[in-house]
Amino acid sequence: MRESRPVAVETRHLIQDTLPAISEGGAPAAEVSQYACQRRTTTDNYNVVFTDAFEVLAECYEFNQMDGRCLAFRRAASVLKSLPRGLSSLEETHSLPCLGGHAKAIIGEILQHGRAFDVEKVLSDERYQTLKIFTSVFGVGPKTAEKWYRSGLRSLDHILADQSIQLNHMQQNGFLHYGDISRAVSKAEARALTKVIGETVQAITPDALLALTGGFRRGKEFGHDVDIIFTTLELGMEENLLLAVIKSLEKQGILLYCDYQASTFDLTKVPAHSFEAMDHFAKCFLILRLEASQVEEGLNSPVEDIRGWRAVRVDLVSPPVDRYAFALLGWTGSRV
DNA sequence: AGGCAATACTG
DNA sequence: CAGTAT
DNA sequence: GCCT
């Protein structure tokens, strides 16, 4: 159970990837599924210029409570991210799903001028800029951000200075660790945390299985959080294990925030859709204190930061061992 | 015209 | 129940 | 906004 050995498990993408064929010297063939879970997941995005634009528009629509349009641009971005190479002409979009008139117009504009009018307009909008900053705080969503904006607040300092604002627990932690959790997590930091969790698990149950999942498992160099899955060979004890791990992290003095969600997994009720069962396993969303001394290559922190530690968002999932093994097998077969 | 993932937790 | 998170 |  060395942290680098276990096979990838990714909560959302348990369905087999279908790699789109690349026609010789031409456009990506019409092989992109309209379903995100069947699209190729890659480390590299060859269409950042377009996907960034779509994400700005999606965010804008989200701030304006236009969930449908928001979703449409999120999907469009997701489709382009799955492509094996960068778009170089509008024609290449013809076979792609989730790209309609608006999305194609944006692509055309960017291909031609390097930027799109609608996007530039959003980016220069004060309301958009402010809501973007507000929602970058963990625990602050569009509704709260909008409420603050309407009351005339324009910066995080304004929020913190306003005595009438009552932050909930999540938001308090969001502000408390703002710098840390909005800064990328390096692969070295993810490895260090995997080791911390691995040793914690090991100390409770010697016969445990554990794997680093999520983006790092797919080879990414940076992420915004660390996803780890683990279980015990003793079927039925996985929830106890997770609870014991949380207790131990607390005792170690590194548990800064914890949102625990008990298992809702029930074989009798969801046997046919056992893929989606990942959502039902015991899990927790944490903020952990990571010591610089535990990271081989040092923390991903600015040089002037002399604390010797940083906060990191960590998600732990603990499925029953039979599900764990199943997930590992499925993933191995699909990617190697 | 109607749907867009689904769901658990907090306050 | 509304709001946020994964 | 895009799809059915």
Side-chain angles (χ1 to χ4, degrees), chain A residues 9-15 32-39 50 53-80 93-107 116 118-119 122 131 134-148 165-175 177 181-182 213-215 223-229 239 242 246 257-266 269-270 273-287 313-319:
Chain A
V9 178
E10 220 289 318
T11 345
R12 287 180 327 221
H13 305 122
L14 286 177
I15 295 180
V32 178
S33 168
Q34 64 174 314
Y35 300 109
C37 58
Q38 294 179 1
R39 274 178 229 138
F50 309 112
F54 288 169
E55 272 155 14
V56 166
L57 293 176
E59 209 166 18
C60 173
Y61 286 125
E62 181 174 39
F63 293 158
N64 291 302
Q65 323 280 298
M66 305 172 75
D67 295 2
R69 294 173 185 229
C70 168
L71 184 65
F73 278 106
R74 290 250 149 84
R75 284 174 174 162
S78 167
V79 165
L80 295 196
T93 64
H94 283 171
S95 56
L96 300 176
C98 307
L99 300 180
H102 197 173
K104 285 175 182 169
I106 302 288
I107 292 174
D118 289 0
V119 179
V122 170
L131 296 192
F134 289 170
T135 55
S136 73
V137 178
F138 179 63
V140 179
K143 307 291 182 177
T144 307
E146 168 70 19
K147 188 175 69 186
W148 289 346
I165 290 180
Q166 285 294 324
L167 300 174
N168 66 28
H169 191 211
M170 205 183 287
Q171 291 161 348
Q172 287 176 36
N173 279 278
F175 276 102
H177 306 295
I181 64 188
S182 48
T213 68
H224 99 282
D225 62 8
V226 178
D227 302 315
I228 296 170
I229 181 174
E239 263 197 275
L242 180 56
I246 292 170
Y257 172 86
C258 175
D259 175 8
Y260 170 75
Q261 300 193 356
S263 169
T264 60
F265 181 65
D266 184 353
K269 283 185 178 174
V270 224
H273 314 87
S274 46
F275 287 111
E276 300 153 14
M278 281 303 276
D279 296 341
H280 306 292
F281 302 143
K283 56 177 157 303
C284 62
F285 312 114
L286 312 177
I287 297 175
R313 277 273 301 104
V314 178
D315 294 343
L316 305 180
V317 183
S318 183

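For the numbers below, each heavy atom of this structure counts, side chains included, while hydrogens, waters and symmetry mates do not. In what follows, every chain begins at residue 1, and chains take the letters A, B, ... in the order their sequences are listed.
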[options]: which one has an atom nearest the side-chain heavy atoms of [X]?
X: A:F285; options: B:dA8, D:dG1, C:dT6; value: C:dT6
X: A:P142; options: D:dC3, D:dG1, C:dT4; value: C:dT4
X: A:R75; options: C:dG3, C:dT6, B:dC4; value: B:dC4
X: A:K143; options: C:dT4, B:dC4, D:dC2; value: C:dT4
X: A:Q261; options: B:dA5, D:dC3, B:dA8; value: B:dA8
X: A:A262; options: B:dC9, D:dG1, D:dT4; value: B:dC9

In whole angstrom, what separates [X]'s [atom1] from [N]'s [atom2]?
X: A:L80; N: D:dC2; atom1: CG; atom2: C1'; value: 14 Å
X: A:E62; N: B:dA5; atom1: CD; atom2: P; value: 13 Å
X: A:K283; N: C:dT4; atom1: NZ; atom2: P; value: 20 Å
X: A:L167; N: C:dG3; atom1: CG; atom2: C1'; value: 14 Å
X: A:D279; N: B:dA8; atom1: CG; atom2: P; value: 9 Å
X: A:M170; N: C:dG3; atom1: CE; atom2: P; value: 14 Å
X: A:L286; N: C:dT6; atom1: CG; atom2: P; value: 12 Å
X: A:N173; N: B:dG11; atom1: CG; atom2: P; value: 11 Å

Please determine, by modelled atom types, if A:D259 and A:H169 share a side-chain donor-acceptor pair under 3.5 angstrom.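 Side-chain D/A pair, A:D259 to A:H169: absent.
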
| task | Mind running side chain to side chain contact (heavy atoms under 4.5 Å, CB included) on A:D279 and A:F265 for me, showing each step along the way? | result | CA-CA 8 Å; A:D279 296 341; A:F265 181 65; over 6 Å; no

>> Say we look at D:dC2 and B:dA5: how far apart would their P atoms be, to the nearest angstrom?
In response: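 Per the computed distance, 16 Å lies between those P atoms.
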
Indicate whether OP1 or OP2 belonging to [N] is found under 4.0 Å from a side-chain N or O atom of [X].
X: A:H102; N: D:dG1; value: yes
X: A:Q171; N: C:dT4; value: no
X: A:T144; N: C:dT4; value: yes
X: A:R74; N: D:dC2; value: no
X: A:Y260; N: B:dC9; value: no

Need one value for [X]: base, sugar-phosphate or nothing, where a base atom within 4.0 Å counts as base even if backbone is also close, heavy atoms only.
X: A:Q34; value: sugar-phosphate
X: A:D225; value: nothing
X: A:L57; value: nothing

Assess the residue pair A:T93 and A:I107 against the criterion (side chain to side chain contact (heavy atoms under 4.5 Å, CB included)); give the C-alpha distance rounded to whole Å, side-chain angles, the decisive distance to 0.1 Å, and a yes or no. CA-CA 9 Å; A:T93 64; A:I107 292 174; 3.8 Å; yes

Position toward the 5' end of DNA chain B (nearest nucleotide), A:G68 or A:D259 =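 The residue closer to the strand's 5' end, by nearest nucleotide, is A:G68.
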
Considering only heavy atoms from C-beta outward, does the side chain of A:L96 approach that of A:L80 to under 4.5 Å?
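The answer is yes; the side chains approach within 4.5 Å.
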
*asked:* Strictly below 4.0 Å, N to O, side chains only: are A:E62 and A:R69 in salt-bridge contact?
replied: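 Judged by the 4.0 Å cut-off on N to carboxylate O distance, A:E62 and A:R69 do not form a salt bridge.
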
Item to complete: Apply ring-ring contact (aromatic ring centres under 6.0 Å, His included) to A:F138 and A:Y257, showing your working.
Response: CA-CA 11 Å; A:F138 179 63; A:Y257 172 86; 5.6 Å; yes

